[in-house]
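Convention: sequence-line order gives letters A, B, ...; per-chain numbering from 1.
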Number of protein chains: 2
Amino acid sequence: MATGRTHRPATRSRGIPEATVARLPLYLRALTALSERSVPTVSSEELASAAGVNSAKLRKDFSYLGSYGTRGVGYDVEYLVYQISRELGLTQDWPVVIVGIGNLGAALANYGGFASRGFRVAALIDADPAMSGKPVAGIAVQHADELEKIISDNGVSIGVIATPAGSAQQVCERLVAAGVTSILNFAPTVLTVPDGVDVRKVDLSIELQILAFHEQRKAGEEAPPEEETAPPVAPPAATVKKRTDPGSDGDVPAVMPA
Amino acid sequence: MATGRTHRPATRSRGIPEATVARLPLYLRALTALSERSVPTVSSEELASAAGVNSAKLRKDFSYLGSYGTRGVGYDVEYLVYQISRELGLTQDWPVVIVGIGNLGAALANYGGFASRGFRVAALIDADPAMSGKPVAGIAVQHADELEKIISDNGVSIGVIATPAGSAQQVCERLVAAGVTSILNFAPTVLTVPDGVDVRKVDLSIELQILAFHEQRKAGEEAPPEEETAPPVAPPAATVKKRTDPGSDGDVPAVMPA
DNA sequence: CCATCTTTGTGCACGCGTTCACAAAGGCAT
DNA sequence: ATGCCTTTGTGAACGCGTGCACAAAGATGG
């Protein structure tokens with residue numbers, strides 16, 4: 001499998017760690033900014049600072065791509081921009097469909113970062129017939145019935161799901177069946193997909209909850225340690241009273257009354 | 001610091017690994033769904049499947065919170081919902097401000113997942129005077145001048161930045177100066193903050209780029225390995241021609257012409 | 001042409017996170 | 001009351017990612 005250097009288990013090109021791949025867009029953004037300012041070269045230290053990582057990590061990341069730097073000088077900005085773009089597959093055109101043109105879907109359609117970097121919004125799709133034909137971000141919304149045809153005609157392999165949670169899995173299945181192999185999911189659901197399909201998840205609510213955890217931790221640091229060993233609610237009894245509570249708060253966390 | 005069991009270096013409550021914290025909201029969501037269906041108990045296997053993780057990981061995660069399960073039975077759904085909610089700090093009310101009411105900010109204001117789980121949108125703030133007073137998601141947008149007062153009056157400690165990249169750092173500094181200690185950043189920039197302030201970043205463009213990488217990898221698997229050792233562009237020469245290219249494509253990746 | 005100085009590329013060690021596999025614990029049936 | 005059966009909780013091993021620290025590489029000045 002490996003072509004030349006066999007001192008590493010995986011082939012160079014295929015062996016880029018996930019963590020590194022996730023940082024490449026960061027580097028690319030910092031480099032693009034430098035490129036716009038016509039900065040010819042940059043050191044690992046400067047670039048790392050601009051990207052918000054430390055320089056050792058950056059150098060190691062770049063080492064997975066190859067030896068693109070010049071010792072004593074640094075990295076050629078334009079050259080590195082090209083190399084990273086190529087590695088990420090941004091030198092080609094990626095048609096993308098956005099399914100679910102609610103508030104979020106519309107925001108995504110208008111989002112500049114989508115259109116740049118090789119991504120092209122091929123279509124906006126919504127299940128609501130009232131949306132059909134309505135222009136959003138300069139593109140007419142099409143009905144969900146057209147989904148399969150749109151994907152097939154445009155050779156779409158990346159789909160963005162911005163529907164309510166209830167429809168996400170169904171939309172996902174239709175996308176996959178139509179040929180989509182990468183999905184960016186904004187719906188708060190776990191998507192089940194066959195092997196070979198990549199799903200990335202962006203969950204606004206989860207990020208906030210993580211922040212709340214740390215915020216609480218900060219607040220609790222000054223205060224004395226509250227009694228956390230004594231559960232303020234009934235411990236799991238052997239026989240649990242089946243709570244028949246149909247009208248529970250829906251998505252609101254069910255905080256048990258003390 | 002530790003009360004009883006001292007066989008672990010960190011205190012139990014404080015020693016929850018980051019990776020575990022990041023999964024707690026997932027578990028909480030799955031548990032909430034079960035709670036709504038009045039399911040009394042759930043096994044680690046079932047819950048793990050619903051949350052999209054494996055059961056060993058889930059059990060280990062829960063073990064950091066305490067021994068909340070019953071062997072041979074599983075976990076009490078309601079009890080666990082409460083415990084996780086408490087651990088995440090969701091049993092208290094978190095007022096949140098959203099700064100930058102463009103397409104994305106409006107989408108966030110309307111996002112149901114925000115309002116639920118203890119988060120309350122205390123204010124929407126925008127720098128555009130034309131936006132002031134305009135209702136979004138039922139809340140009147142306020143001008144950026146009011147930022148400090150709003151934060152102070154409402155005791156806001158969590159801020160969401162949905163401004164353009166250019167204003168993000170400045171907004172961030174004002175938020176921090178006014179007392180905000182947790183920031184959720186949607187602007188495509190690296191934010192610099194003082195110690196003690198948490199920043200989480202959601203970057204739509206980065207997620208798409210990561211997908212593109214894997215997509216390219218999939219596509220390249222069938223095709224024979226392209227010559228990747230021969231750089232198709234000029235390698236970094238000793239003396240780099242300073243490219244004076246003022247009108248470079250802005251945010252579009254600068255693909256060097258061959 | 002040589003010495004010096006800067007900066008890269010990377011071997012190595014460490015720590016965190018994941019996964020396995022199993023003993024302990026408790027319910028349940030008889 | 002006793003034994004069986006299910007499921008938790010966790011010790012231990014493994015692998016990945018991170019950061020240190022330094023040798024190699026190359027530019028630059030004399």
Side-chain angles (χ1 to χ4, degrees), chain A residues 5 7-10 12 14-24 26-27 31 39-77 79-80 83 210 235-240, chain B residues 4-10 12 14-24 26-27 31 39-77 79-80 83 210 235-240:
Chain A
R5 34 191 70 187
H7 68 290
R8 199 163 278 281
R12 200 189 57 199
R14 295 288 179 266
I16 301 179
E18 262 307 301
T20 295
V21 172
R23 279 187 296 266
L24 290 181
L26 281 178
Y27 302 144
L31 285 164
V39 176
T41 59
V42 66
S43 71
S44 64
E45 200 71 51
E46 293 167 318
L47 184 55
S49 162
V53 302
N54 77 46
S55 64
K57 196 184 293 187
L58 178 141
R59 286 198 301 276
K60 180 142 294 205
D61 283 342
F62 285 176
S63 79
Y64 293 116
L65 308 182
S67 289
Y68 293 151
T70 306
R71 296 174 190 230
V73 175
Y75 300 91
D76 181 278
V77 171
Y79 185 66
L80 203 46
Q83 289 299 341
I210 296 172
T239 310
V240 179
Chain B
R5 35 190 70 188
T6 47
H7 67 288
R8 197 164 280 279
R12 198 188 59 198
R14 296 289 179 266
I16 302 179
E18 261 308 299
T20 296
V21 173
R23 280 187 296 268
L24 290 182
L26 282 179
Y27 302 144
L31 284 164
V39 176
T41 60
V42 66
S43 72
S44 63
E45 200 72 52
E46 293 167 319
L47 184 55
S49 163
V53 301
N54 77 45
S55 65
K57 195 184 293 187
L58 178 141
R59 286 199 302 275
K60 177 137 294 205
D61 283 343
F62 285 177
S63 78
Y64 293 116
L65 309 182
S67 290
Y68 294 151
T70 305
R71 297 175 190 230
V73 175
Y75 300 90
D76 181 277
V77 171
Y79 185 67
L80 203 46
Q83 289 299 342
I210 297 172
T239 310
V240 180

State, to 0.1 Å, how close [X] and [Y] come at their nearest heavy-atom pair, and which atoms those are.
{"X": "Ser63(A)", "Y": "Lys60(A)", "answer": "OG-O, 2.6 Å"}
{"X": "Leu31(B)", "Y": "Val77(B)", "answer": "O-CG1, 3.6 Å"}
{"X": "Leu58(B)", "Y": "Ser44(B)", "answer": "CD2-CB, 3.7 Å"}
{"X": "Thr41(B)", "Y": "Asp76(B)", "answer": "CG2-CA, 4.2 Å"}
{"X": "Tyr27(A)", "Y": "Leu47(A)", "answer": "O-CD1, 4.4 Å"}

- Item | Arg59(A) or Arg71(B), whichever maps to the more 5' nucleotide of DNA chain D |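 Upstream on the strand: Arg71(B).
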- Task: By nearest nucleotide on DNA chain D, pick out whichever of Arg23(A) and Gly72(A) is the more 5' one.
- Result: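 Going by which nucleotide is closer to the 5' end, it is Arg23(A).
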- Query: Would you say a side-chain N or O of Asn54(A) is under 4.0 Å from OP1 or OP2 of dT18(D)?
  - Reply: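 So the side-chain polar atoms of Asn54(A) never come under 4.0 Å of the phosphate oxygens OP1 or OP2 of dT18(D).
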- Message: Side-chain N or O of Lys57(B) versus OP1/OP2 of dT19(C): is the shortest distance under 4.0 Å?
- Response: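 Yes.
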- Task: Name all residues meeting the salt bridge (Lys or Arg N to Asp or Glu O under 4.0 Å) criterion together with Arg23(A); count only those two or more places apart in sequence or in a different chain, and write none if there are none.
- Result: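 Expected list: Asp61(A).
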- So what does Tyr75(A) hit on the nucleic acid, given a heavy-atom distance under 4.0 Å: a base, only sugar-phosphate, or nothing?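 The answer is sugar-phosphate, as Tyr75(A) gets under 4.0 Å only of primed atoms, P, OP1 or OP2.
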Nearest whole Å is fine: how far is [N] [atom2] from [X] [atom1]?
{"X": "Tyr68(A)", "N": "dG26(D)", "atom1": "OH", "atom2": "P", "result": "16 Å"}
{"X": "Leu58(B)", "N": "dT19(C)", "atom1": "CG", "atom2": "C1'", "result": "14 Å"}
{"X": "Glu18(B)", "N": "dT18(C)", "atom1": "CD", "atom2": "P", "result": "12 Å"}
{"X": "Asp61(B)", "N": "dT10(D)", "atom1": "CG", "atom2": "P", "result": "13 Å"}
{"X": "Phe62(B)", "N": "dG17(C)", "atom1": "CZ", "atom2": "C1'", "result": "17 Å"}

- Going by modelled atom types, is there a donor-acceptor pair between the base of dG17(D) and the side chain of Lys60(A) at under 3.5 Å?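 Not at all, since no donor on one side and acceptor on the other fall under 3.5 Å apart.
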- Task: Could you work out which one of dT10(C), dG26(C), dT18(C) sits closest to the side chain of Ser63(A)?
- Result: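 When the side chain of Ser63(A) is considered, dT10(C) is the closest of dT10(C), dG26(C), dT18(C).
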- Aromatic ring proximity, centroids under 6.0 angstrom, Tyr68(B) and Tyr79(B):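 Yes, ring centres under 6.0 Å apart.
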- Does anything in residues 43-51 of chain A reach DNA chain D, meaning a heavy atom under 4.0 Å, and if so which residues?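 The answer is none.
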